[in-house]
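Heads up, the thing below is written out as structure tokens.
Because the structure is predicted, anything quoted here is derived from the model rather than measured.
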Amino acid sequence: SQAKYKGTGKNIRSIKSADPIRVGLLPNCFMVRKDDFKAAGGFDEKYLVMFEEADIAEKIKNKLGKSIILLPKAITFHDVPLPVKKGRDEYLGFRSDKRVFLTARNRIYFMRKNANFLQFLIFLLIFNPLNIIYYVLKFIQMKKFRRAMIYFRGNLAGFVL
């Protein structure tokens with residue numbers, strides 16, 4: 001299995017150098033100086049879970065003019081249980097109705113806060129509709145009709161948050 005950091009598409013295990021890599025997005029296991037965290041305004045509490053790390057990275061980059069750096073040789077642990085079987089709703093990374101709702105809602109909220117006009121327009125017209133179709137169809141395929149509706153409602157809620 002290849003470990004790739006989505007922000008760069010680089011195969012982390014194949015990087016020979018320990019040199020830091022400047023990235024555009026922050027994974028959900030990170031370190032930040034306390035002073036920078038406070039100066040950026042800390043976490044936006046509206047997120048609850050999902051996208052709060054990416055949001056703080058955007059604030060650190062934009063408010064403080066700092067770079068987000070990935071250390072390829074660093075090992076991080078994220079204590080989240082892996083799915084047991086493919087085909088179950090946990091395979092999509094959703095272990096609760098609340099997580100389904102918050103993932104959909106927070107994606108919209110994050111883009112509203114952090115994307116420029118063109119990025120948000122592309123997101124609204126291309127990426128998000130495809131994303132909604134994918135997840136709703138997956139939930140329907142798994143006979144998780146309630147979760148399909150929750151995901152759809154989460155998307156709508158992202159516009160009023």
Side-chain angles (χ1 to χ4, degrees), residues 1-83 90 92-132 134-135 147 150-161:
S1 142
Q2 298 287 328
K4 289 189 179 186
Y5 175 67
K6 293 179 183 178
T8 62
K10 293 182 180 182
N11 181 343
I12 300 300
R13 290 188 181 124
S14 71
I15 297 173
K16 303 283 188 247
S17 168
D19 294 339
I21 301 169
R22 185 180 308 233
V23 295
L25 193 59
L26 185 70
N28 57 3
C29 191
F30 66 95
M31 293 189 319
V32 62
R33 288 186 177 105
K34 184 177 181 179
D35 293 343
D36 290 341
F37 185 80
K38 286 183 176 181
F43 287 125
D44 180 338
E45 293 182 9
K46 289 182 182 177
Y47 284 105
L48 300 176
V49 295
M50 306 300 292
F51 290 91
E52 71 277 17
E53 300 95 345
D55 186 65
I56 192 73
E58 288 299 311
K59 290 193 285 189
I60 288 169
K61 287 189 311 189
N62 297 328
K63 284 185 176 181
L64 307 181
K66 303 237 174 166
S67 296
I68 305 302
I69 304 295
L70 172 74
L71 300 174
K73 300 296 181 182
I75 297 172
T76 59
F77 297 92
H78 190 204
D79 189 19
V80 176
L82 294 173
E90 287 86 1
L92 296 174
F94 301 122
R95 290 174 296 283
S96 70
D97 290 350
K98 183 176 183 178
R99 195 165 186 92
V100 170
F101 179 84
L102 291 174
T103 298
R105 183 196 73 170
N106 292 354
R107 181 178 290 115
I108 300 285
Y109 181 56
F110 174 81
M111 291 301 291
R112 279 183 38 223
K113 281 183 66 180
N114 296 295
N116 64 38
F117 177 76
L118 181 60
Q119 290 168 332
F120 191 61
L121 187 63
I122 291 169
F123 171 79
L124 282 180
L125 296 176
I126 299 169
F127 177 79
N128 203 51
L130 292 173
N131 203 31
I132 291 170
Y134 173 79
Y135 281 106
R147 289 223 171 146
I150 289 169
Y151 189 82
F152 188 74
R153 283 197 319 263
N155 271 275
L156 295 176
F159 287 101
V160 295
L161 182 62

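Using modelled atom types and a 3.5 Å distance limit, the side chains of Tyr109 and Asp55 yield no donor-acceptor pair.
At least one side-chain heavy atom of Asn114 sits less than 4.5 Å from a side-chain heavy atom of Phe110. You'll find the side chain of Met111 stays beyond 4.5 Å of the side chain of Phe127, heavy atoms only. Considering only heavy atoms from C-beta on, Ile60 comes within 4.5 Å of Val32 through its side chain.
Of the listed residues (Thr103, Asn131, Asn128), just one forms a side chain to side chain contact (heavy atoms under 4.5 Å, CB included) with Asn155, and that residue is Asn128. Among Ile108, Asp44, Leu161, the single residue meeting the side chain to side chain contact (heavy atoms under 4.5 Å, CB included) criterion with Lys113 is Asp44.
Annotation: Tyr47 is not in aromatic contact with Phe51 [ring centroid separation under 6.0 Å not met]. In this structure, Phe152 has its ring center at least 6.0 angstrom away from the ring center of Tyr135.
With hydrogens and angles disregarded, no donor-acceptor distance shorter than 3.5 Å links the side chain of Asp36 to the backbone of Leu64. Within the 3.5 Å criterion, the main-chain N or O of Phe101 finds no donor-acceptor partner in the side chain of Arg153. A donor-acceptor pair under 3.5 Å links the side-chain atoms of Lys59 to the main chain of Gly42, judged by distance alone. For the pair Glu52 (side chain) and Met50 (backbone), a donor-acceptor distance under 3.5 Å is present.
The minimum heavy-atom distance linking Ala157 with Arg105 is given by the pair C-CG, 3.8 Å. For the residue pair Val160 and Arg112, the shortest heavy atom distance occurs at N-NH1, 4.0 Å.
The CD1 atom of Ile150 sits 9.0 Å away from atom OG of Ser96, with the distance rounded to the nearest 0.5 Å. Residue Glu53 holds its CD atom at 12.0 Å from CD1 of Ile68, rounded to the nearest 0.5 Å. To the nearest 0.5 Å, the span separating CZ on Phe123 from CZ on Phe120 amounts to 6.5 Å. Rounding to the nearest 0.5 angstrom, the gap separating the CZ atom in Arg33 from the NZ atom in Lys38 is 15.0 Å. The CG atom of Asn116 lies 8.5 Å from the CD1 atom of Ile122; values are rounded to the nearest 0.5 Å.
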task: May I have the step-by-step check of side-chain contact (heavy atoms from CB on, under 4.5 Å) for Asp97 and Tyr151, ending in yes or no?
output: CA-CA 9 Å; Asp97 290 350; Tyr151 189 82; over 6 Å; no
